[in-house]
**Q** 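Please read through the structure below; I'll follow up with questions.
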Amino acid sequence: MSTDTPVDPPTNDKPVTDDKPVADDKTVADDKPVAEAAESNDAKQIGAAEQEGQLDGSSEKQKGSALHETEHNVEVKLADLQADPNNPLFSAKSFEDLKLSDALLKGIRQMGFQKPSKIQEKALPLLLLDPPTNMIAQSQSGTGKTAAFSLNILSRIDISNRSPQALVLAPSRELARQILGVITHMGQFIDNLKTMAAIPDPTRRNQRFEAQVLVGTPGTAMDMIRRKYIDNTYIKILVLDEADNMLDQQGLGDQCTRVKQLLKTPQTVLFSATFPQKVIDYANRFAPNANVLTLAHEELTIEGIKQLYIDIDQDTDKYATLLKFYGLMTQASSIIFVRTRDTAQQLERRMVAEGHKVAQLSGALEGPDRDRIIDQFRNGQAKVLITTNVLARGIDVESVTMVINYDVPTTMRGEADPETYLHRIGRTGRFGRVGVALTFVHDRKSWNQLNEIAVYFKTDLTPIDTSDWDEVEEQIQKVIKSSRAGKSTKEMTEIFTGGA
Ligand SMILES: Nc1ncnc2c1ncn2[C@@H]1O[C@H](COP(=O)(O)OP(=O)(O)OP(=O)(O)O)[C@@H](O)[C@H]1O
């Protein structure tokens with residue numbers, strides 16, 4: 001039974017100056033404890049800073065721990081997926097059709113993008129409308145939402161003006177750094193473009209943010225605007241990435257609202273893979289009269305992610321089971337999600353003491369440590385990352401082939417949390433790749449929670465047959481090995497049903 005305490009602010013967003021902060025810098029726990037009853041185990045089939053170089057690894061593909069295969073192979077498979085009208089990566093148009101500047105087209109090509117995805121093709125023309133119109137847009141994890149809103153920003157800014165004109169807010173410093181990396185990379189051929197991070201940074205004190213594009217976390221952005229280090233006069237685009245998450249959390253939602261109130265009627269753009277009903281009304285008020293692109297929740301699961309679960313006798317056996325997967329976890333990169341900071345720290349200590357190489361990142365760490373750890377994970381120096389929900393959303397590391405839900409994701413009230421499940425597993429299987437998502441259940445309660453998630457998404461989760469570990473290993477290995485070859489879902493299903 002776990003009695004650990006959580007409280008993991010997603011932004012770790014402390015004021016960056018040494019003056020007294022203007023406002024309380026509220027932070028919100030990203031994971032909360034749930035009193036776990038040791039209930040009977042009865043699992044059944046579950047059905048139905050100034051950015052000149054690279055800030056966060058996202059501007060260069062770092063394949064440190066990816067499996068090797070030819071780029072040609074990947075591109076052929078991706079082209080197939082992008083030619084299928086039912087696939088979220090499909091588009092009928094080319095980037096040239098989207099009326100982007102030559103500098104942007106060059107940037108996109110430099111990033112290796114051949115064709116837009118569905119969300120890019122649909123959202124961009126609406127975002128670029130004149131007069132600017134608000135947008136609420138949803139698309140599956142890993143389908144290129146960042147590029148969609150970044151291309152709008154980079155098309156709209158007036159480069160002759162050095163003042164901030166676009167502000168992107170994200171729920172974690174890691175995601176803010178990643179988005180900044182994407183925008184900077186994409187805009188590298190735009191002369192005189194300046195981009196900067198508005199995240200807690202003790203090395204920057206009392207300095208103004210002179211850049212056309214700012215990407216930050218809500219608390220810091222709010223604080224910096226109030227102290228006039230960010231000039232709000234010309235900010236004409238406000239983007240909330242992972243918008244449902246930010247608007248739904250009391251602290252972050254308040255901060256986002258304050259930021260918006262400090263701006264003069266910006267084009268307000270909300271993006272996420274999930275928009276649960278409970279935040280839709282708030283989203284509509286936050287971005288009034290928006291063009292809306294949404295999906296039904298049955299459409300949200302990504303085909304390339306093979307969803308498995310393992311039924312473990314009791315909580316105390318979870319650790320032993322985890323270790324059985326260690327070999328598979330280190331084949332490429334893996335993320336282990338746990339509910340609380342304490343579990344993350346304990347798991348790290350135990351695994352390291354037993355000679356395993358793992359890294360751990362939670363909101364308990366200071367910003368520079370967080371940056372170091374995520375960068376090590378991106379470049380493959382660390383292959384196994386233990387983390388909390390702080391990294392559940394948005395993080396894009398293409399070598400991640402396996403996600404383990406050591407704890408089933410739950411809300412603060414201990415109910416199943418389908419949205420967090422979807423975001424967590426979406427750290428793999430990105431943009432046409434495949435991956436494995438494995439969830440541990442260890443009692444009736446966790447089984448019920450996972451079942452609720454499966455029913456919500458109308459998706460099937462495959463149980464792992466623990467009577468033959470060699471077979472389990474072989475099956476997972478087949479998926480992992482095919483992970484960058486765009487293996488089709490049909491082929492993956494065959495692997496797990498013995499048909500291959
Ligand atoms: N048109 C494209 N062609 C090829 N790759 C692309 C294209 N657009 C985006 N990508 C790549 O796809 C990956 C996922 O993109 P991104 O991180 O924007 O997804 P997302 O939709 O924001 O996911 P999440 O919901 O998890 O935040 C990135 O590595 C990005 O470089």
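Remember, it's 1-based here, ligands and their atoms both numbered in the order they're listed.
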**Q** I'd like to know whether ligand 1 has Met111 as a neighbour, heavy-atom separation below 4.0 Å.
**A**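 It does not; every heavy atom stays at 4.0 Å or beyond.
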**Q** Are Gly426 and ligand 1 in contact, using a heavy-atom cut-off of under 4.0 Å?
**A**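 Outside the 4.0 Å threshold, so no.
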**Q** May I ask you to list the atoms of ligand 1 that are less than 4.0 angstrom from any heavy atom of Arg427?
**A**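 Listed by number with element: 26 (O).
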**Q** Is the shortest distance from a heavy atom of Phe95 to ligand 1 less than 4.0 Å?
**A** yes
**Q** side-chain contact (heavy atoms from CB on, under 4.5 Å) with Glu348: which of Ile336, Thr387, Ile386, Val384?
**A** Ile386
**Q** Out of all atoms in ligand 1, which are within 4.0 Å of some heavy atom of Thr143? Include the element for each.
**A** 19 (O), 20 (P), 21 (O)
**Q** Of the options Arg433, Arg427, Arg378, which is the one that meets Glu398 in a salt bridge (Lys or Arg N to Asp or Glu O under 4.0 Å)?
**A**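 Between Glu398 and the candidates, salt bridge (Lys or Arg N to Asp or Glu O under 4.0 Å) is satisfied uniquely by Arg433.
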**Q** Nearest non-hydrogen atom to atom 18 (O) of ligand 1 belongs to which of Ile119, Ile108, Thr146?
**A**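 Ranked by closest heavy atom to atom 18 (O) of ligand 1, first place is Thr146.
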**Q** Going by the atom numbers of ligand 1, which of them fall below 4.0 Å from some non-hydrogen atom of Lys115?
**A** 1 (N), 2 (C), 3 (N)
**Q** Of all the atoms in ligand 1, which lie at a distance below 4.0 Å from a heavy atom belonging to Ser141?
**A**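 Counting from 1, the qualifying ligand atoms are 23 (O), 24 (P), 25 (O), 26 (O).
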**Q** Could you walk me through whether Glu174 and Arg370 pass salt bridge (charged side-chain N to carboxylate O under 4.0 Å, His left out), step by step?
**A** CA-CA 8 Å; Glu174 289 76 15; Arg370 287 171 62 156; 2.8 Å; yes
**Q** Any salt bridge between Arg372 and Asp369, counting N to O under 4.0 Å?
**A** yes
**Q** Decide whether the shortest distance between a heavy atom of Gln140 and an atom of ligand 1 is less than 4.0 Å.
**A**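 For ligand 1, residue contact (heavy atoms, under 4.0 Å) with Gln140 is present.
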**Q** Please determine whether a side-chain nitrogen of the Lys or Arg among Asp244 and Arg393 lies less than 4.0 Å from a carboxylate oxygen of the Asp or Glu.
**A** yes
**Q** Out of all atoms in ligand 1, which are within 4.0 Å of some heavy atom of Glu242? Include the element for each.
**A**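 Ligand 1 atoms under the 4.0 Å threshold to Glu242: 27 (O).
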**Q** Can you tell me if Arg393 has a non-hydrogen atom under 4.0 Å from ligand 1?
**A**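 Checking ligand 1 against Arg393, which is what was asked, there is no heavy-atom contact under 4.0 Å.
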**Q** For atom 8 (N) of ligand 1, which of Glu398, Met186, Gln120 has the closest heavy atom?
**A** Gln120
**Q** Pairs under 3.5 angstrom only: tabulate donor-acceptor contacts from the side chains of residues 285-302 to other protein residues two or more places apart or in another chain.
**A**
{"from": "His297", "atom 1": "ND1", "to": "Tyr456", "atom 2": "O", "distance (Å)": "2.9"}
{"from": "Glu299", "atom 1": "OE1", "to": "Ala296", "atom 2": "N", "distance (Å)": "2.7"}

**Q** With Lys145 as the cation and Phe271 as the aromatic partner, state whether NZ or CZ is under 6.0 Å from the six-membered ring centre and within 45° of the axis.
**A**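 No cation-pi geometry.
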